[in-house]
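Just so we're clear, the structure is a prediction, and the values are computed from it rather than from any experiment. Below, chain A is the first sequence line, B the second, and so on; all start at residue 1.
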There are 2 protein chains.
Amino acid sequence: MSDAGPLVLLIEDEPQMRRFLRAALESHGYRFVEATTAREGLAQATSRTPDVILLDLGLPDGDGLDLARRIREWTTTPIVVISARGKEQDKVAALDTGADDYLTKPFGTEELLARLRVALRHAARAAAGDDPVFVAGDLRVDLPARRVFVGNDEVHLTPTEYKLLTALVHDAGKVLTHRQLLRAVWGPNAVEHTHYLRVYMTQLRHKLERDPTRPRHLQTEPGVGYRLKLE
Amino acid sequence: MSDAGPLVLLIEDEPQMRRFLRAALESHGYRFVEATTAREGLAQATSRTPDVILLDLGLPDGDGLDLARRIREWTTTPIVVISARGKEQDKVAALDTGADDYLTKPFGTEELLARLRVALRHAARAAAGDDPVFVAGDLRVDLPARRVFVGNDEVHLTPTEYKLLTALVHDAGKVLTHRQLLRAVWGPNAVEHTHYLRVYMTQLRHKLERDPTRPRHLQTEPGVGYRLKLE
DNA sequence: ATAACTCTTGATGAATTCTTGATGCCGGAG
DNA sequence: CTCCGGCATCAAGAATTCATCAAGAGTTAT
């Protein structure tokens, strides 16, 4: 966080609300970027890496929740949702999707700013060691771009392969049990299908390891699970 | 990762609201402690180290905000404020004092629970960085990552070896009887198979001790059991 | 509708781990 | 001094868990 003020990404399509928010932020030393669609919002989130994201759920293209989910795939940047819908169900859905706070319109400037401060407080505390690009040896996983490289070559992963890899990246260095991985990739109902894991680990190794027989990154912990080796 | 459910400290004096919250939490697998005064709340916060604190601002003795401030002096445990006062000014004051969320009465059970989940998510992420690691001399056991080091070298343990070691770590310094260890590792049916213990203690010593003949960590208590020496 | 890609599932040999018995050591008791 | 019980160690077969190949089912894109 530079001394130029925290950077807020504002994803909002209504011009009136945008003007209101712009005024509130500007007068309090925040820098901000704007986006008026979900697509644009996602692009800005990846390219500008804001300190906090202010997201209106009622966007013209696609669901705001979907956007939140997409963003949460690779970053923990706080998302503060603002919405006209005040139903409890809406709040629960947004918060469980990964939003960190939920404000119902209309709301006061001061409350908005206070909740933004809370979000930034959290972000500051969590910021240490939160690199959206994982690197270990010749392996590089770019979460925001959803791309994977070995050396200089990009490798294509299927959706399942990628999910498995991100699960490992998320707790890189730690041992993840079979159950943990299965739950993360195939959902809570597949917790017993250990065989899936074996098949996909072999495929991942064939794509990511120089010598799949002697894995340097994707290590198996016999009787326990797997882990992604750091360094 | 205890499966007993997160521990909530509930600081609330109104009996009716307390009953409501108790029901909401209980039916969702939370454990909780209660306090009805600020003084008691502070005491519980320090002694029980809850995962999240649910704080009503309208306490009989002293200001709830004061309590929040006192708690924030030494811990970042999430504080979710619930209050009858819905003025913007109140919210701002609470949030800036260190509260992580602010709910105005009346509120729905589902929203409360969702916001609790958010708070716990934050706490979990904040805690993820620093693993509680057991250390004794050159022996280091990182339980969350399931990794064991001797000096700077990581050693690989089989599931059974690791279970045995964690049983000893769990009561480090104390003597564990043969029966206790056998029950912990092999289950209640193997309580007689003392031989298992000998075999695995030998293996553990070979992996963890500089000189397996003269163990510095894994000490045998003749006729009783074994213990992991602290230091 | 077709083709290309992805996921699921079964079969098989390889690798690791667990169990079990045999053997030797040491100190105390007879 | 010798025997005995508790302990440590070694090693081999049994049991479990893994890696890998391949084929058919299911999906998605064109």
Side-chain angles (χ1 to χ4, degrees), chain A residues 146 148 154-168 175-187 189-229, chain B residues 146 148 154-168 175-187 189-227:
Chain A
R146 220 188 153 93
V148 179
E154 176 165 10
V155 287
H156 172 81
L157 299 185
T158 72
T160 305
E161 288 165 358
Y162 185 77
K163 249 199 233 169
L164 177 55
L165 179 59
T166 51
L168 288 163
V175 177
L176 292 176
T177 66
H178 297 131
R179 302 179 70 87
Q180 287 178 312
L181 288 170
L182 285 163
R183 179 149 22 83
V185 178
W186 283 273
N189 299 328
V191 173
E192 307 289 331
H193 298 205
T194 317
H195 189 44
Y196 287 11
L197 264 185
R198 306 228 171 82
V199 173
Y200 274 90
M201 284 304 294
T202 354
Q203 289 177 190
L204 265 185
R205 279 172 177 156
H206 272 278
K207 291 185 176 183
L208 304 181
E209 300 278 1
R210 300 290 188 197
D211 177 5
T213 306
R214 205 162 247 291
R216 298 178 50 204
H217 304 301
L218 302 169
Q219 304 207 317
T220 134
E221 297 282 334
V224 186
Y226 297 87
R227 75 189 168 106
L228 180 56
K229 201 175 179 186
Chain B
R146 199 202 177 274
V148 179
E154 179 166 8
V155 288
H156 174 86
L157 298 186
T158 71
T160 305
E161 289 164 358
Y162 186 77
K163 251 199 238 168
L164 177 55
L165 179 59
T166 52
L168 289 162
V175 179
L176 291 175
T177 66
H178 296 136
R179 302 180 69 87
Q180 286 178 313
L181 288 169
L182 285 163
R183 179 150 20 85
V185 178
W186 283 272
N189 300 327
V191 175
E192 307 291 332
H193 299 201
T194 318
H195 187 45
Y196 287 8
L197 264 185
R198 305 229 170 82
V199 173
Y200 274 91
M201 284 305 291
T202 310
Q203 290 177 190
L204 264 186
R205 280 171 177 155
H206 272 276
K207 291 185 175 182
L208 304 182
E209 300 280 1
R210 301 288 188 198
D211 178 5
T213 307
R214 199 155 328 106
R216 298 176 50 201
H217 304 301
L218 302 169
Q219 304 208 317
T220 134
E221 298 283 336
V224 186
Y226 298 88
R227 76 190 171 98

Checklist line | DNA chain D: 5'-most and 3'-most nucleotides touching chain B, 4.0 angstrom heavy-atom criterion | finding: dG6(D) to dC10(D)
Margin query: Using a 4.0 Å cut-off on heavy atoms, which residues in residues 196-206 of chain A reach DNA chain C? List them by number, or say none.
Written below: Tyr196(A), Val199(A), Tyr200(A)
Notebook entry, point to check: Of all of residues 157-165 of chain A, which get a heavy atom below 4.0 angstrom from DNA chain D, listed by number?
Noted result: none
Next item on the list: Extract, from 5' to 3' on DNA chain C, the first and final nucleotides lying under 4.0 angstrom from some heavy atom of chain A.
Entry: dT6(C) to dT17(C)
Notebook entry, point to check: Quick one: does Tyr226(A)'s side chain get under 4.5 Å of Arg198(A)'s, heavy atoms only?
Noted result: yes
Check: Atom CG in Leu182(A), atom CG in Leu197(A): separation rounded to 0.5 Å?
Finding: 4.0 Å
Next item on the list: Could you tell me the separation between the CG atom of Leu208(A) and the CZ atom of Arg216(A), rounded to the nearest 0.5 Å?
Entry: 12.5 Å
Next item on the list: List the atom of Leu176(B), the atom of Ala167(B), and the distance in Å for their closest heavy-atom pair.
Entry: CD1-O, 3.4 Å
Checklist line | Note, Thr177(B) side chain near Glu221(B) side chain (heavy atom, < 4.5 Å) | finding: no
Check: Do Glu209(A) and His217(A) touch side chain to side chain, with heavy atoms closer than 4.5 Å?
Finding: yes
Check: Looking only at atom types and distance, does a side-chain atom of Thr194(B) sit under 3.5 Å from a main-chain N or O of Glu192(B), one as donor and one as acceptor?
Finding: yes
Donor-acceptor pairs under 3.5 angstrom involving side-chain atoms of residues 154-163 of chain B: please list them, not counting sequence neighbours.
unit_1: Glu154(B); atom_1: OE1; unit_2: Arg227(A); atom_2: NH2; d: 3.4
unit_1: Glu154(B); atom_1: OE1; unit_2: Arg147(B); atom_2: NE; d: 3.4
unit_1: Glu154(B); atom_1: OE1; unit_2: Arg147(B); atom_2: NH2; d: 2.9
unit_1: Glu154(B); atom_1: OE2; unit_2: Arg227(A); atom_2: NH2; d: 3.3
unit_1: Glu154(B); atom_1: OE2; unit_2: Arg147(B); atom_2: NE; d: 3.2
unit_1: Thr158(B); atom_1: OG1; unit_2: Glu161(B); atom_2: N; d: 3.3
unit_1: Glu161(B); atom_1: OE1; unit_2: Thr158(B); atom_2: N; d: 2.9
unit_1: Glu161(B); atom_1: OE1; unit_2: Lys207(B); atom_2: NZ; d: 2.8
unit_1: Glu161(B); atom_1: OE2; unit_2: Gln203(B); atom_2: NE2; d: 2.8
unit_1: Glu161(B); atom_1: OE2; unit_2: Lys207(B); atom_2: NZ; d: 3.4
unit_1: Lys163(B); atom_1: NZ; unit_2: Val185(B); atom_2: O; d: 3.4

Note to self: If you take any heavy atom closer than 4.0 Å to DNA chain D, which residues from residues 219-226 of chain B end up in contact?
What the structure shows: Thr220(B), Pro222(B), Gly223(B), Tyr226(B)
